[in-house]
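Before any comments, here is the structure.
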Amino acid sequence: PLLADADPGDAAIEAPFIFKKDTLYYLFVSWDYCCRGENSTYKVVVGRSNQVTGPYLDKEGTSMAEGGGSLVIEGDERWAGVGHNSAYTFDGTDYLVFHAYDSQDEGKSKLKLAEITWDAQGWPVIDPQILAH
């Protein structure tokens with residue numbers, strides 16, 4: 001069922017960003033709750049398509065328009081609300097730029113930058129150790 005934008009429940013989704021890598025388009029989005037400091041549950045998921053207009057499918061082949069999305073990165077004990085991302089290539093290296101709430105600094109939002117590597121199937125991978133820094 002459709003949910004009202006004012007009360008999305010578990011369907012909170014925002015911050016879409018499309019990144020082209022080789023011949024594929026990747027749609028990164030943020031799921032769950034933002035802007036609640038240490039109580040934020042934001043995480044980044046992705047789907048990909050051969051066309052910029054979609055459909056964007058996750059690793060299991062589920063359309064993002066139907067709830068699909070493969071996890072790219074989520075928070076940990078220190079960093080909550082990992083999301084609102086964008087992706088860029090600088091000097092031949094791909095990066096994910098996002099924010100996260102620092103539980104060791106009163107839940108303040110901080111900018112994070114992580115290198116994207118790509119697995120054998122062409123999916124983006126972020127080393128979760130990036131949150132250790």
Side-chain angles (χ1 to χ4, degrees):
L2 294 177
L3 299 172
D5 288 345
D7 186 17
D10 292 335
I13 184 170
E14 70 162 0
F17 194 90
I18 295 175
F19 179 75
K20 186 174 184 189
K21 176 73 173 173
D22 301 322
T23 62
L24 294 172
Y25 296 90
Y26 292 81
L27 175 60
F28 293 89
V29 300
S30 296
W31 270 1
D32 295 329
Y33 297 114
C34 172
C35 314
R36 297 172 185 198
E38 298 172 60
N39 295 318
S40 300
T41 58
Y42 237 14
K43 60 186 138 289
V44 177
V45 300
V46 70
R48 69 182 181 192
S49 177
N50 292 315
Q51 300 177 7
V52 72
T53 55
Y56 286 87
L57 308 179
D58 66 14
K59 291 179 182 180
E60 285 73 42
T62 303
S63 171
M64 292 182 76
E66 297 176 0
S70 297
L71 183 66
V72 177
I73 190 167
E74 63 184 336
D76 61 14
E77 284 185 21
R78 168 140 188 218
W79 298 100
V82 176
H84 212 109
N85 70 275
S86 54
Y88 299 96
T89 303
F90 298 110
D91 297 326
T93 302
D94 300 327
Y95 294 94
L96 190 74
V97 182
F98 56 95
H99 71 69
Y101 297 96
D102 189 349
S103 66
Q104 294 181 3
D105 191 11
E106 300 175 352
K108 291 179 182 168
S109 181
K110 307 244 175 115
L111 178 68
K112 302 292 279 179
L113 177 71
E115 183 175 341
I116 301 172
T117 58
W118 302 87
D119 71 14
Q121 291 75 41
W123 289 99
V125 176
I126 302 296
D127 183 349
Q129 290 301 310
I130 188 65
L131 295 177
H133 303 264

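In this structure a side-chain-to-backbone donor-acceptor pair under 3.5 Å is present from S103 to E77. For S49 (side chain) and Y56 (main-chain N/O), no donor-acceptor pair under 3.5 Å exists by modelled atom type.
Ring centers of W79 and F98: at least 6.0 Å apart, outside the cut-off.
Here the side chains of I116 and K21 are not in contact, with every heavy-atom distance at 4.5 Å or above. Using a 4.5 Å heavy-atom cutoff, the side chains of W31 and L71 are not in contact. Residues L27 and M64 meet the side-chain proximity criterion, which asks for heavy atoms closer than 4.5 Å. Using a 4.5 Å heavy-atom cutoff, the side chains of D119 and K59 are in contact. You'll find the side chain of V45 stays beyond 4.5 Å of the side chain of V72, heavy atoms only. L24 has its side chain within reach of N50: a pair of non-hydrogen atoms, C-beta onward, lies under 4.5 Å apart.
For the atom pair NZ (K110) and CZ (R78), the distance works out to 6.5 Å, reported to the nearest 0.5 Å. Remark: I18 CD1 to Y26 OH distance equals 13.5 Å, nearest 0.5 Å. If you take CD on E60 and OG1 on T62, they are separated by 6.5 Å, rounding to the nearest 0.5 Å.
Contact between V82 and A100 at its shortest, heavy atoms only, is CG2-CB, 3.9 Å. When all heavy atoms of E74 and K43 are compared, the closest pair comes out as CB-CB, 3.7 Å. Considering every non-hydrogen atom in both G107 and Y101, the closest pair reads O-CD2, 3.2 Å. Across all non-hydrogen atoms, the minimal contact from S63 to L57 is CA-CD2, 3.6 Å. Closest heavy-atom contact between S70 and D58: OG-CB, 3.2 Å.
For K20, there are no salt bridge (Lys or Arg N to Asp or Glu O under 4.0 Å) partners, not counting sequence neighbours.
Ring geometry for Y42 versus H84: interplanar angle of 30 to 60°, hence tilted.
Residues V125 and L113 do not share a hydrophobic cluster, defined by chaining ILVMFWY side chains whose heavy atoms lie under 4.5 Å apart.
Of the residues F19, F17, Y88, F28, the one that meets the side chain to side chain contact (heavy atoms under 4.5 Å, CB included) test with L96 is F28.
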